[in-house]
Amino acid sequence: MINLVWLEMFFQALFNHIGFISILVVCEFQSALRKKQHSIPLAKMNGDTEGFTDLLQQAEQLTAEMDSGTDLPHVERNLQQILEAGQRLLTRTTPVSQDNIDVQASILLGSKGFVLPRISERLEGLRAATTFEPLEPVRETDIEGFLRNERENALLAVIEQTRKNTFEEVDKNNWESMENEWEKEKQKILNSLLGSGLESFEFQQDPEMIISDSLLNQGRSSLDHIEMAYAREVFVYNEHVIDNGILPSLVDMFVKVATNIGDQNVLDMWQLVQCMIEIPLGQTFGSQPSVIRKNSQIQAHFISRAKHYLQQNYVRYLEKTVSSNLRQAQLGGIPGTYNLVHSYLNVKPPVMARSSEDGELDKQPVWALLFYCLRCGDLKAAKHVVDRAGNQLGDFPTYFNEYVNSVDHKLAPGSDTKIKLQYRRVVKNCSDPYKRAVYCVIGCCDWTDDHTEILDKIDDYLWMKLSHVQDQGTTDTSQDQLTLTTLQKILYEDYGESHFNGYQQPFLYFQVLFITCQFEAAIEFLSRIESLRYHAVHIALVLYEMKMLIIPPNCQAQLLSQDPSDSHGLKRLNIARLVMMYTRKFEATDPREALQYFYFLRNLKTPTGDDLFKSCVSELVLETKEFDMLLGRLEKDGSRKPGAIDSFKQDTQKITEMVAKDTEAKGLFEDAVRLYDLAKDHEKALSLMNKLLSQVVSIAPSPQSTRDRLTSIALNMAERYTTFGHEASQMTTKTFFLLLDLITFFNFCHEGAITKALDVMQGIKILPFSAEEVDHRVSNFKNYSDEIRRCLPDILLATMNILLTQYNNARASTIQSPMSLRRGIEDGGKDSYLNYLRNQARAIIMFAGMLPYRLPGDTNARLVQIDVLMS
C-alpha cells in the first residue's frame, strides 16, 4: 500500500538535490499524480496491486514526453548518486558563521531600538523569582497531581509567610536599634552641653559622698533609678567591709531595693534567693565553694530550703483562693492548715477518677486532704488527718509516723523497701491519684511519675521531684533513685530554655534553675537579658560574698564553664567577667560607682598574678582619663590630694604605680609621667620626662602645643623637687635640668634674643667658645645622656647661626659693637671683634669634628657653610 502524500513528499525531498531541470520534471510529475489520485477508485488504492504499475507507466510516459519536447540532456542517476551530488552541492555553499548571525541580528534589532549585548546580559542575569507564587491548579481528574500540587502550595505559603514575618521582625529590630543609638547620641550631646568643672570631681571624705554625687550628676549618669539604688547599697556595704565592723546582710539590702521597685516578679526572685542562701556554712566543709556545694548535708539543706519556699508560696496561693471565695469555702473561725486545705477543696473539688479510696474525712477525700497538707509543708496537719482516718489507711500510718519522727524525714531501709513494694503491687494501679502522690512523697516511689492529674503547675512539679531526691552518696544506684545531679541534668539539659520558654518567662526559668541549686546557670541566663542584667550581677555578688558561688580558676574563662573532670557537673560562673561586663555600661560616666563593684574582685588574681581589683582600677583610669578624681593629684606644696581610690584603704601608691606602668605600656608617656610622679617614683618620672623633652627642645613654642604643655609640667616638677627634694639619681636629675636650660636657650633663639641665648649656652658649658676649651668639652661630652646627645645637632646649628648673625651685624655696623666691651675684649676696633667671633665659630667646628659621635651629614655641611660665610 502506497501513500500518495508520502510519495509526493519523498520526491519533493529527492529533487531538492537536483538542479533546475529536475524541478520542472517534478512539477509535471506532481500534477500527473494529483490527476491520477482523483481517477483511481478507493477500492483499487487499498487492495489492487496494479495501481502502482499504472502509476509507473504514466510516469515513464510523462518523462518521455518531456524528453521529446526539450533540448536539455537526459539525467540518469540512482538514489545513492543523487545523495552524493546533493552533499557536494551543500559543501560548495558558504557556511554561515556565528559572527555574521550576530551582526545581522544586531542590525535588525538595532533599527527597533534594541541593543543585543545588553539584552544578552539581562537574559543571562535573570534569576528565579524571589516570591513564592502558588502553583497553577491541575485538572480535577488528576488526583495524584492535585494532591501533590496542594501540598506544594501549602509549603510555599508557609515559606512565604515565614519570609514576610522575618523581614518585618528584622525591620522592627533595625528601627529599635537606630532609636537606641540616637538616644545614646542625644545623651552624649546633653552631657557635653552640661559640662563639668574640675572641682566637681574632687574627692570628699563624706560617707554620703557617692550618693550625693550621684544625685548631682543624674543628668549625665548612665545609671537608671534601679541601678542607682543597687549602687547605693553596694557603697554602704563596702563601707562596712572597709571599716571592719559588723557586716550587714547584703541580700537583705538588695531585697529592700526589690521591694521599692514595685515589681512582684523581682520581689519573688529576691525572696527565693534570700530563702535559698540561709545555709549553715560550717568550717568543717572546707573553704572552697565547690567543696561546700558537693557536701551531702549542704545539698540536703538546699533541698529543704527549696521545698520550704515552694510550700510557703503554695500556702499563700491557698489563702488567696479561699479569701476570694469565702462563701463557697466556708472557712470558719478555726485557724490552721487543715481548715485552710478543707476550705480550698470546697472551692476547688479534688480531681477524682471514680471515687476516693479509703473513705472520706469531713466530706472530703482523705488522701486529697493528706496530700494538700503535705504540699503545704505542715506535717502536724498531715498527722492530724492520718490520726483521724485511723485504720482505714491500712499500713500507711506506720510509715507516716516513722517519716515524721525521723530527723531527715526519711524512712529506714527496711520500711523504705516495704513501702516501695506495696506501691508497686497495689498503690500504683489504684484509681486515686492523691494516694499515689502521697506514697511517692513519703516513700520516694517511682520518681518518673509526673502525676499530671493533680500537678498542673511547675511549682508542684518541682516540689514533687525535690521530694524524691536522695543523697548523692547513697549506695543505692538503682534506676528508681533520683539524685540532685540527675534532676539538674533533666531540667537544664533535657528540657532547657526552649521547654520553659525562657526568654518569654525569664523569672520562671530562673526559678527552675535556682531552686534546683543551679545558681551559676540561673545567673548566666538572667545576665543574657539586657533589662534584667543588673539583677543577675547583684545576685552573683550576694552568692560570691557568701562563698557559695563556684568560679573558674582563670578570670579570663568564659562566663559559664564546666570542669570536664567534675562528676557532679557543677557549672562555674566567671564573676569577674560578669562585673566588668556590667560596669562597662556606666564606667565612663560613673567611675566611682564602678570602683565600688571592682572592690568585690580584690581577692581574685589575673593570669600574671596581679590583684584583679588593681588591674580593673588601672583599666578604668586609662579608659576615663580621670587621673585626679580617681587617683588624686599633687599640690604645689608637694602634698597629695586624695582620690576616690583612697576610700578603699588600699596601697594607693602601688595601685598608682600599676596604672603608670600600664599607661607607659600603651604609649601614653605624658600621663605616665604624672602618674609616676604621683606614685613618688621620681626616677621613672624624670626619665620619661627627659625622653619627652628631648623630642621638643628645639621646636618653636606655640600656645596649647605639646612643647608648652610638657614645659609647664617640667617646670612644676623642677620647682617641687628643688623645694621639697626628690629621690631621683644624680645623672637623671642633671639631664632634666640641663634640658630645661636648653628649652630656655631655644626660647630665646625663637624670640630673637640672641644675646640672652648665647649667655645661656655659655653658662651650661656644653660647647667650647675658645680653642683652649675644646679638649675639655669633648672629654665631658661622653658623660651626657642620650637625650642630650640627641639635641646636639640643633644646639650646634642654633649657636653657629647666632654667631653668624652677630658677625653680619658687626660687619654692617659702623659703630664699635658694645658686645666687645661687655666681654672684656680690648679695644681693637671692628676687626678685632669679628676675629673674636670667627675664633668662637672655629672652636665649635673643631669640637664637632673631634666628637666620637656621628652627626647628620647636612649638619656638618651647614656648619662648614656658616664658617665659610664668616671667613
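Sequential numbering from 1 along the given sequence is applied to the chain's residues.
Closest approach of T624 to P591, counting heavy atoms only: CG2-CB, 4.4 Å. Of all the heavy atoms in C440 and D446, the pair that sits closest is SG-O, 4.2 Å. The shortest heavy-atom contact between A594 and F586 is N-CE1, 3.7 Å. Minimum interatomic distance between L487 and L482 (heavy atoms only, all atoms of both residues): N-CD1, 4.0 Å. The two residues L560 and K571 come nearest to each other via the heavy atoms CD1-CB, 3.7 Å. When all heavy atoms of A536 and L526 are compared, the closest pair comes out as CB-CB, 3.8 Å.
Side-chain atoms of D252 do not come within 3.5 Å of backbone N or O of P248 as any donor-acceptor pair. One N or O on the side chain of D449 and one on the backbone of H451 form a donor-acceptor pair closer than 3.5 Å. The closest donor-acceptor contact from the side chain of H468 to the backbone of C445 lies under 3.5 Å. Side-chain atoms of N173 come within 3.5 Å of backbone N or O of E169 as a donor-acceptor pair. Judged by distance alone, the side chain of S177 and the main-chain N or O of N174 form no donor-acceptor pair under 3.5 Å. Between the side chain of T162 and the backbone N or O of V158, at least one donor-acceptor pair lies under 3.5 Å. Between the side chain of D590 and the backbone N or O of E593, no donor-acceptor pair lies under 3.5 Å. Checked by atom type and distance alone, the side chain of Q299 pairs as donor or acceptor with a backbone atom of R293 at under 3.5 Å. Here the side chain of T589 pairs a donor or acceptor atom with the backbone of S222 at under 3.5 angstrom. No donor-acceptor distance shorter than 3.5 angstrom exists from the side chain of E233 to the backbone of L250, with no hydrogens or angles considered.
Remark: K410 pairs with D408, C444 by the side chain to side chain contact (heavy atoms under 4.5 Å, CB included) rule, at least two apart or across chains. Among residues two or more places apart in sequence or in another chain, the salt bridge (charged side-chain N to carboxylate O under 4.0 Å, His left out) test is passed with K666 by none. Under the ring-ring contact (aromatic ring centres under 6.0 Å, His included) criterion, Y237 pairs with no residue at all, not counting sequence neighbours. Remark: E623 engages no residue in a salt bridge (charged side-chain N to carboxylate O under 4.0 Å, His left out) (not counting sequence neighbours). For the side chain to side chain contact (heavy atoms under 4.5 Å, CB included) test, residues two or more places apart in sequence or in another chain that qualify with P552 are A557, S561, R572, N574.
Here the side chains of I539 and F514 are in contact, with some heavy-atom distance below 4.5 Å. In this structure, I655 and Q650 have side chains that are in contact, with non-hydrogen atoms separated by less than 4.5 Å. Two residues are said to be in side-chain contact when any heavy atoms from C-beta on lie closer than 4.5 Å; M580 and F598 meet this criterion.
Annotation: K605, atom NZ; neighbour count of heavy atoms from other residues, nucleotides and ligands within 6.0 Å is above 12. The environment of Q558 atom CD is sparse: at most 12 non-hydrogen atoms of other residues, nucleotides or ligands sit within 6.0 angstrom.
Using bins of under 30°, 30° to 60° and over 60° for the plane-to-plane angle, the ring pair Y317/Y314 lands in the tilted bin. Between Y509 and F500, the angle of the ring planes lies from 30° to 60°, which puts this pair in the tilted group.
Note that R232 lies outside the cation-pi zone of F235, set by a 6.0 Å cut-off to the ring centre and a 45° limit from the axis.
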For residues 265-272, run the donor-acceptor check on the side chains, cut-off 3.5 Å, and write out each pair with its distance to 0.1 Å, sequence neighbours left out.
from: D268; atom 1: OD1; to: Q264; atom 2: NE2; distance (Å): 2.7
from: W270; atom 1: NE1; to: Y230; atom 2: OH; distance (Å): 3.0

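With respect to the salt-bridge test (charged N to carboxylate O, under 4.0 angstrom), the residues E160 and R163 qualify. Ion pairing between a basic and an acidic side chain is recognised when a charged N comes within 4.0 Å of a carboxylate O; D494 and K489 show such pairing. Checked for salt-bridge contact, D450 and K465 meet the test: a charged N lies under 4.0 Å from a carboxylate O. Salt bridge status for K680 with E657: absent, with no side-chain N to carboxylate O gap under 4.0 Å. A salt bridge between E670 and R674 is absent, with no side-chain N of the basic residue lying under 4.0 Å from a carboxylate O of the acidic one.
Separation of the F648 and Y599 ring centroids falls under the 6.0 Å cut-off. Taking the centre of each ring, F510 and F525 stay at or above the 6.0 Å mark. Aromatic ring centres of H538 and Y597 lie closer together than 6.0 Å.
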With side-chain hydrogen bond (donor to acceptor under 3.5 Å, both in side chains) as the test, would you mind laying out the steps for T483 and T485 before giving the verdict? CA-CA 5 Å; T483 62; T485 302; 4.8 Å; no
Is there a side-chain hydrogen bond (donor to acceptor under 3.5 Å, both in side chains) between S290 and Q288? Walk through the geometry before answering. CA-CA 5 Å; S290 58; Q288 295 296 327; 5.1 Å; no
Apply salt bridge (charged side-chain N to carboxylate O under 4.0 Å, His left out) to R640 and D646, showing your working. CA-CA 11 Å; R640 177 181 176 275; D646 291 87; 3.0 Å; yes
Is there a side-chain contact (heavy atoms from CB on, under 4.5 Å) between L601 and C616? Walk through the geometry before answering. CA-CA 9 Å; L601 310 178; C616 291; 4.1 Å; yes
Does the pair D460 and R375 meet the rule for a side-chain contact (heavy atoms from CB on, under 4.5 Å), with working shown? CA-CA 8 Å; D460 300 330; R375 179 65 181 86; 2.9 Å; yes
Evaluation steps, side-chain hydrogen bond (donor to acceptor under 3.5 Å, both in side chains), between D610 and S615: CA-CA 7 Å; D610 297 329; S615 299; 4.9 Å; no
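Considering NZ of K585 and OH of Y534, their distance stands at 8.0 Å, rounded to 0.5 Å.
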